[in-house]
> 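My questions will all concern the structure given below.
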Amino acid sequence: MTHPAETASLAYPPAEASPDFPRIEEEVQAAWKRDRIFEESVSFRPATGDAGTNEFVFYDGPPFANGLPHYGHLVTGFVKDLVPRYHTMKGRRVERRFGWDCHGLPAELQSEKELGISGRQEILAYGMERFNEHCKVSVQRFTHEWEYYVTRQGRWVDFQNDYKTMDLSFMESVMWAFKRLWDKGLIYEGYRVVPYSWAVQSPLSNFETRLDNSYRERQDPALTVKFRLDPRDGDPGPIDILAWTTTPWTLPSNLALAVGPEIDYALVRKGDHHLLLAEAALGKYAKELEGYEPVASMKGTDLAGRTYQPVFPFFQGTENAHKVLAADFVATGDGVGIVHMAPGFGEDDLNVCVAHGIPVKVPVDVAGKFTAEVPPYEGINVIEANKQIIQDLKAAGVVLRHETIVHNYPHCWRTDTPLIYKAVNSWYVEVSRFKDRMAELNKQINWIPGHVKDGLFGNWLENARDWNISRNRFWGAPIPVWKSDDARYPRVDVYGSLEEIERDFGVRPADLHRPGIDALVRPNPDDPTGKSMMRRVEDVLDCWFESGSMPFAQLHYPFENKEQFEKNFPADFIVEYVAQTRGWFYTLMVLSTALFDSVPFKNVICHGVVLDEHKQKLSKRLRNYPDPQEVLNTYGADALRWYLVSSPLMAGGDLAMPKDARGIAQALRQGVLPLWNAYSFFTLYANIDGVKARQRDSWDQVGSLDRYILAKTRQVVEGVTARLDAFDLPGAYALVPGYYDALNNWYIRRSRQRFWRDADGAAQDKQDAYDTLFTCLVTLCKALAPMLPHVTERIYTALTGEKSVHLADWPDASALPADAKLVAEMDLVRDICAAAMSIREQKQLRTRLPLRTLTIVHPDAATLESYSQIIAGEVNVKAVTLSTDIALVGSRQLAVNAAVVGPKVGPAMKSVMAASKTGQWTDNGDGTVSLAGVTLGAGEFDIRVQTNQGLDAARFAGGKGVVVLDTTVDAELEKEGWARDFVRAVQSTRKDAGFHVTDRIRIGATVPAEVAAALEAHAETVKRETLAVDLKVNQGGLTGVATKVDLSGTEIELAIAKA
RNA sequence: GGGCGCGUAGCUCAGGGGUUAGAGCACUCGCCUGAUAAGCGAGAGGUCGGUGGUUCGAUUCCACCCGCGCCCA
């Protein structure tokens, strides 16, 4: 739009009228990189202040390194960027280190896939060292993709100074944490039944099984099996006791049966044969029990202690086994009220059996296959063995019923294979011992949304179980425990630093990974024979233990940065998706409570999950989401940030994102474009006028429009500040469109002429207009910088010539005028104009057609006097008349302010409301009214207008005021209307022809006679408005850019040419 | 079965003991313009999931029910 010749001397870099935001963003990002703006934004804020630390501490939740980022990461990333940018501008130092979660099953499984091997045995065959070496490389494969997305989304984070959980320093800190817990007696080793994945050959932690939706529907056999009780005196004959199970594969390991002590059991008989089951279950087995009759009834306690014959012989003769035991957990909901117990495969089973001195038998190997202890099934996967076991039992005649049930069953979150429950030797953190303390500390945390604190997270803490932190795997931090290999000389050594290892083993490991660490072996000092050795227990740590360790481990605490950590713990802020209440949020809480007796973070946002528009999970296979890269390249990162962060996600809800990205297009239109348009207007005219605007710091002399928009700016800054302080991010975004509207569609539109007015006599007013708009834009850019980091950067740097808006201080609202009265009045004026325009629309009177009078009736009409001109201009009337006399336009209606009056009068409210509706009230003339025996004073009622019929009127301010438009059109008004129509036609032709806004033109036109008369009457105005040096009407010979134009129903021919 | 969240316009969602329940999108109609058609405005569109209760008054609070989502048994 700008002539190239002018560019050199421009006051501001020209703003594209049709900006390509993705391109602008990339330019901005390139400048950030080139000028190291991020680094400077961190480093120029001091780390310490008057009151100790000046750091705003942010923890980056480490993502699994071996996966590609998706929308969920983008959401988290935007928040991880927005909040730190805000606090940086507020003057805090906000370090942001990227973290990589390198260890654990995801990494191992990826490597197995890449290497074409599967399971422990094959890994061992392949070689643990090579395997781990591969893992180490594999987990860094996607770092570049991550860096691309994170950078492209405009997220500032330090990749150079990142941390990896596989770094020696990180792992040493983790080792330290383990030792601290050990010293506090919070670590123990035990036999526990755990969810076990035979596919990955490892137990899972209890929260791993609950992360995301690991439960899915599964069909399983359910078997009702008969166990023959050993005969006892008084038995009416042979008795079979029933038991029900959905895991037939555990029957070979059956070691006991459990009954509920208070449950009623029925003995039923058919001929010589007796069955025993809960009375409550009789109905369910009606079919199988046909012909049986009840012969006796007894309590569970009566049965306890009886012995029976196992259905399989494998563990016959096991100490204390094969007895009926009483246990409280037995219920009659499912099955027969008698539970088959296999202590190797059930948590309750284990507890009860151990209590009764029954040893644990686990005839299943690490891969989920039966061992030689059960010869017929040896080598068969337990789930696959179900079939054969059922067949064998049927053949033995001990199956009463074989059915199939569909139930929710937990699956391995990595391989999607069903989990089994299995007793394994594991290492535990005794969370149950300090869970009350966690619940207490949790009260200090500000959760967003608030319900998570006592809901999802609070309940989770209340039911916290001991945490199984060992994994029988390879790629992870080693459990730093060495044990004697000879039980006769027991000894356990736990190490908490490289130095301690060096002291005992004589070497300081350069790498703590297996198998190198396993090679550290030394003679057991407690063994006088000198034969037994201290060997490391084989397990590695659950990688979640490392995620919970990141606050201190990323700093190599306590070996380095001791003071820095202690001064800056806990974090001020973290954010992740809501399921991390069971993951990272939880592990942070566990470790910080146990190690430091402190919360790990003060404020936390838990956002929801991005779904497709049918609320289905986003799936690469289904391609049910817009390609992120395409979105970034079409609409830009600012639009995407606006879309995602102002969504219900931030309230913990799900976001149903349409595949066509229309929400993102809308965010661009509503959130980004209006700001750009205001800026583009400013630079266009400032450059034409050669005006250099300056930041306003006084406003005593400026007009009401300027004061109004400055006061509005103050309000929006205050509002955004309050919401960002409260971590209410959508709330902050929500304030912006209303402000855009006031700026673009009121301030600029009503001030437009001031920007191109001739300088004579109005220079100050013009400068005021530029200064005001400049002040608004610069202030707004600062206040929106965290929310729209790119577009604000471009605009701010163009306007101010400074290096970066992100190096600026947060705008000071008090530097702008506070004028609530003016804002309220002007907003009322806008309301009045909207009402007046609605009359025009209704009467089909185009805005360009001037009208004589607008009458405004309102109790505070007097205060509107000074706005008459603004209203007249907006509504296009010659005169504005103000009145407080409602009788002019209608009658008075009483509107009781029920919220105030209700509580005051109580039950009398009913008659008060009735009286007000039927008009039975009296004005006492002193500002009070009476009705139904009650007198109402100021603030307790409003008077509203009931408009008379037949008027061209519209109500405003909730009915408190009325505007009446004189819709008579006389010849003079008609002519003026034609002239304005003509001006508009010329202007749009100019624009279509690509003329510059300052180009002088010549106009030729062929028009009907009545229009010609109008143009003649208003020739000077037309020429001035269109920058025409010449206007020839109906003189033929049209030259230049010619068009036919519809002029409010009359066709004319028009030609314009540059003068 | 339990916990948490949710049910408001065709869609996505705000709101909140008070008579006239809002926004954006979509729809219909219209409009300004020497910045912005990726613009501005108006209209239509709702027994606020259901049933009871508390209350002068319930969409809002309470109970129960129905439905959806997540988590857990």
Side-chain angles (χ1 to χ4, degrees), chain A residues 1 15 17-19 21 209-213 215 333 408 410 449 451-452 454-460 462-463 578-579 581-582 608-609 611 613 615 635 639 646-648 651-658 662-663 665-670 672-674 676-685 688 730-731 734 737-738 741 744-745 748-749 752-753 755-756 833-834 837-842 844 846-848 874 876 895-903 905-914 916-917 944 958-959 980 983-984 986-988 990-991 995-999 1024-1027:
Chain A
M1 292 194 78
S18 306
F21 288 109
T209 67
R210 285 152 204 186
L211 197 74
D212 293 324
N213 192 10
Y215 281 77
N408 276 327
H451 60 75
V452 176
D454 296 321
L456 230 44
F457 195 71
N459 287 335
W460 181 249
E462 219 166 275
N463 299 315
V578 66
T581 45
R582 265 100 175 143
V609 180
L611 303 172
E613 59 191 312
K615 303 225 167 186
Y635 305 103
S646 61
S647 75
D654 297 335
L655 172 66
M657 178 174 61
R662 77 181 100 94
Q666 185 186 327
L668 180 69
R669 255 179 292 146
Q670 292 185 325
V672 182
L673 257 177
W676 186 270
N677 289 338
Y679 156 68
S680 145
F681 174 91
F682 174 88
T683 52
L684 178 62
Y685 292 106
I688 289 170
D741 190 43
N744 281 348
N745 301 321
I748 292 183
R749 195 168 79 222
R752 212 190 274 137
Q753 291 172 17
F755 290 95
W756 59 74
C833 290
M837 297 303 268
S838 78
I839 304 173
R840 275 188 175 273
E841 187 173 356
Q842 210 184 333
Q844 302 259 304
R846 63 192 194 278
T847 315
R848 281 188 306 278
E874 177 73 6
N876 195 16
V896 177
N897 185 351
V900 177
V901 178
V905 304
M909 196 58 186
K910 208 158 203 164
S911 49
V912 170
M913 294 311 298
S916 85
K917 274 184 180 157
R944 290 182 188 161
R980 280 195 60 174
V983 167
R984 183 221 166 173
V986 172
Q987 301 294 25
S988 66
R990 282 181 65 113
K991 193 169 166 182
F995 288 12
H996 189 248
V997 295
T998 54
D999 287 337
R1024 188 179 66 242
E1025 295 282 316
T1026 58
L1027 300 184

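Reminder, nothing fancy here: chain letters follow the sequence lines and each chain counts from 1. Remember, predicted model here, so these are calculated numbers, not experimental data.
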> Would you indicate what A:Gln670 reaches in the nucleic acid, counting non-hydrogen atoms under 4.0 angstrom: base, sugar-phosphate, or nothing?
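Result for A:Gln670 = sugar-phosphate.
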> With C1' as the reference atom in both, quote the distance from B:C56 to B:G2 in angstrom, rounded to an integer.
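Pairwise C1' distance, B:C56 against B:G2, rounds to 39 Å.
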> Suppose you measure atom C1' in B:G15 against the same atom in B:G46; what distance do you get, rounded to whole Å?
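After rounding to an integer number of Å, I get 15 Å for this pair.
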> Between B:C56, B:U33, B:C4, which one does the side chain of A:Arg984 approach most closely?
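Nearest to the side-chain atoms of A:Arg984, counting from C-beta on, is B:U33.
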> To the nearest 0.5 Å, how far apart are CZ in A:Arg990 and CG in A:Leu1027?
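A:Arg990 atom CZ to A:Leu1027 atom CG measures 5.0 Å (nearest 0.5 Å).
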> Using a 4.0 Å heavy-atom cut-off, does A:Pro903 contact any base of the nucleic acid, only the sugar-phosphate backbone, or nothing at all?
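Base contact - A:Pro903 has a heavy atom under 4.0 Å of at least one base atom.
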> Name the closest nucleotide to the A:Thr847 side chain, picking from B:G39, B:G57, B:C31.
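Comparing B:G39, B:G57, B:C31 against the side chain of A:Thr847, the answer is B:C31.
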> Considering only the C1' atoms, how many Å lie between B:U8 and B:G50, rounded to the nearest integer?
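Taking atom C1' in both B:U8 and B:G50, they lie 15 Å apart.
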> In whole angstrom, give the distance that lies between atom NE2 of A:His451 and atom P of B:C70.
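Nearest whole value for this atom pair: 15 Å.
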> Picking from B:G34, B:C32, B:A38, which would you name as closest to the side chain of A:Gln987?
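In terms of side-chain proximity for A:Gln987, the closest of B:G34, B:C32, B:A38 is B:G34.
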> Round to a whole Å and report the spacing from CG of A:Asp454 to C1' of B:G5.
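Interatomic distance, CG of A:Asp454 to C1' of B:G5: 14 Å.
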> So A:Leu655, base contact, sugar-phosphate only, or nothing? Heavy-atom distance under 4.0 Å.
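The answer is nothing, as A:Leu655 stays clear of every strand by at least 4.0 Å.
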> For the rings on A:Trp460 and A:Phe457, is their centre-to-centre separation under 6.0 Å?
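When the ring centroids of A:Trp460 and A:Phe457 are compared, they turn out to be at least 6.0 Å apart.
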> To the nearest Å, give me how far apart CZ (A:Arg582) and P (B:G3) are.
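Computing the A:Arg582:CZ to B:G3:P distance gives 14 Å.
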> Can you tell if the side chain of A:Gln987 reaches within under 4.5 Å of the side chain of A:Thr1026, non-hydrogen atoms only?
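Side-chain contact under 4.5 Å: yes.
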> Measuring from A:Thr581:OG1 to A:Asn459:CG, what's the distance to the nearest 0.5 Å?
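It is 10.5 Å, given to the nearest 0.5 Å.
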> Rounded to whole angstrom units, what separation is found between the CD1 atom of A:Ile748 and the C1' atom of B:U33?
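Taking CD1 of A:Ile748 and C1' of B:U33, I get 13 Å after rounding.
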> In whole Å, what is the span from the CG atom of A:Leu456 to the P atom of B:C6?
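Between P of B:C6 and CG of A:Leu456: 13 Å.
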> Whole angstroms only, please: what is the CG-P distance between A:Leu673 and B:U36?
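About 12 Å, once rounded to whole Å.
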> Would you say the side chain of A:Leu655 lies within less than 4.5 Å of the side chain of A:Leu611, judging by non-hydrogen atoms?
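Side-chain contact under 4.5 Å: no.
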> Distance between the C1' atoms of B:U51 and B:U28, in whole angstroms?
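38 Å, rounded to whole Å.
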> NA contact type, A:Val896, heavy-atom cut-off 4.0 Å: base, sugar-phosphate, or nothing?
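Base contact.
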> Work out how far the C1' atom of B:G49 is from that of B:A58, and round it to whole angstrom.
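Looking at atom C1' only, B:G49 and B:A58 are 15 Å apart.
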> For B:G7 and B:C31, measure between their C1' atoms and round to the nearest Å.
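Here B:G7 and B:C31 have their C1' atoms 38 Å from each other.
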> Below 4.5 Å, heavy atoms only, C-beta onward: do A:Val983 and A:Arg848 meet side chain to side chain?
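Not in contact.
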> From the list B:G18, B:G5, B:G34, which nucleotide is the closest neighbour of the side chain of A:Leu1027?
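Of all the options, the side chain of A:Leu1027 is nearest to B:G34.
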> Ignoring hydrogens, what is the shortest heavy-atom contact between A:Met909 and A:Val896? Give both atom names and the distance.
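So the minimum-distance heavy-atom pair works out to CE-CG1, 4.4 Å.
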> Between B:A21 and B:G30, how many Å separate the two C1' atoms, rounded to a whole number?
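Each nucleotide's C1' atom is 27 Å from the other's.
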> Looking across every strand, which nucleic acid part, if any, lies under 4.0 Å from A:Arg990 by heavy atom: base, sugar-phosphate, or nothing?
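Touches nothing.
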> Both atom distances under 3.5 Å, Watson-Crick or G-U wobble: I'd like the secondary structure of RNA chain B as a dot-bracket string, with | for pairs made across strands.
(((((((..((((....[...)))).(((((.......))))).....(((((..]....)))))))))))).
> Just compare B:U33, B:A38, B:G18 and give me whichever is closest to any side-chain atom of A:Ala898.
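For the A:Ala898 side chain, the nearest candidate turns out to be B:G18.
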> Contact class for A:Asp654 vs. all strands (heavy atom < 4.0 Å): base, sugar-phosphate, or nothing?
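Sugar-phosphate only.
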> Mind listing the N/O atom pairs, protein and nucleotides 41-45 of chain B, below 3.5 Å?
residue : atom : partner  : partner atom : Å
B:G41   : N2   : A:Glu841 : OE2          : 2.6
B:A42   : O4'  : A:Glu841 : OE1          : 3.2

> Return the CG to SG distance between A:Asn876 and A:Cys833, rounded to the nearest 0.5 Å.
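If we round to the nearest 0.5 Å, A:Asn876:CG and A:Cys833:SG are 11.5 Å apart.
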> Nearest 0.5 Å, please: how far is CG in A:Leu684 from NE2 in A:His996?
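Here the rounded value is 6.0 Å.
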> Would you indicate whether the side-chain heavy atoms of A:Arg582 and A:Leu456 approach each other to under 4.5 Å?
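In short, these two side chains touch, coming nearer than 4.5 Å.
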> Have a look at A:Arg944 and say if it touches a base, only the backbone sugar-phosphate, or nothing, with a 4.0 Å heavy-atom cut-off.
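Base contact.
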> Between B:G69 and B:C13, how far apart are the two P atoms, rounded to whole Å?
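Straight-line distance between the two P atoms is 14 Å.
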> Are A:Tyr635 and A:Val672 side-chain neighbours, meaning at least one heavy-atom pair lies under 4.5 Å?
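No; the side chains remain at least 4.5 Å from each other.
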> What's the closest nucleotide to the side chain of A:Asn459 if the choices are B:G34, B:C56, B:G3?
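Selected nucleotide: B:G3.
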> Of the candidate nucleotides B:A38, B:C32, B:U36, which contains the atom at the shortest distance from the side chain of A:Leu668?
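Taking heavy atoms from C-beta onward, the closest nucleotide is B:A38.
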> Assign each of A:Pro648 and A:Gly455 to its nearest nucleotide of RNA chain B by heavy atoms, then name whichever residue's nucleotide is nearer the 5' end.
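Of the two residues, A:Gly455 wins.
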> Quick check on RNA chain B: between A:Leu611 and A:Ala678, whose nearest nucleotide comes earlier from the 5' end?
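Of the two residues, A:Ala678 wins.
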> Using whole Å, report how far CZ of A:Phe682 lies from P of B:U36.
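Atom CZ in A:Phe682 sits about 17 Å away from atom P in B:U36.
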> Could you check whether any side-chain heavy atom of A:Arg752 comes within less than 4.5 Å of a side-chain heavy atom of A:Phe681, counting everything from C-beta outward?
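They are in side-chain contact.
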> Rounded off to whole Å, could you give me the CZ-to-C1' distance for the A:Arg848 and B:U33 pair?
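Taking atom C1' of B:U33 as the reference, CZ of A:Arg848 is at 9 Å.
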> May I ask you to say what A:Arg662 touches in the nucleic acid, namely base, sugar-phosphate or nothing, with a heavy-atom cut-off under 4.0 Å?
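Since no nucleic acid heavy atom lies under 4.0 Å of A:Arg662, the category is nothing.
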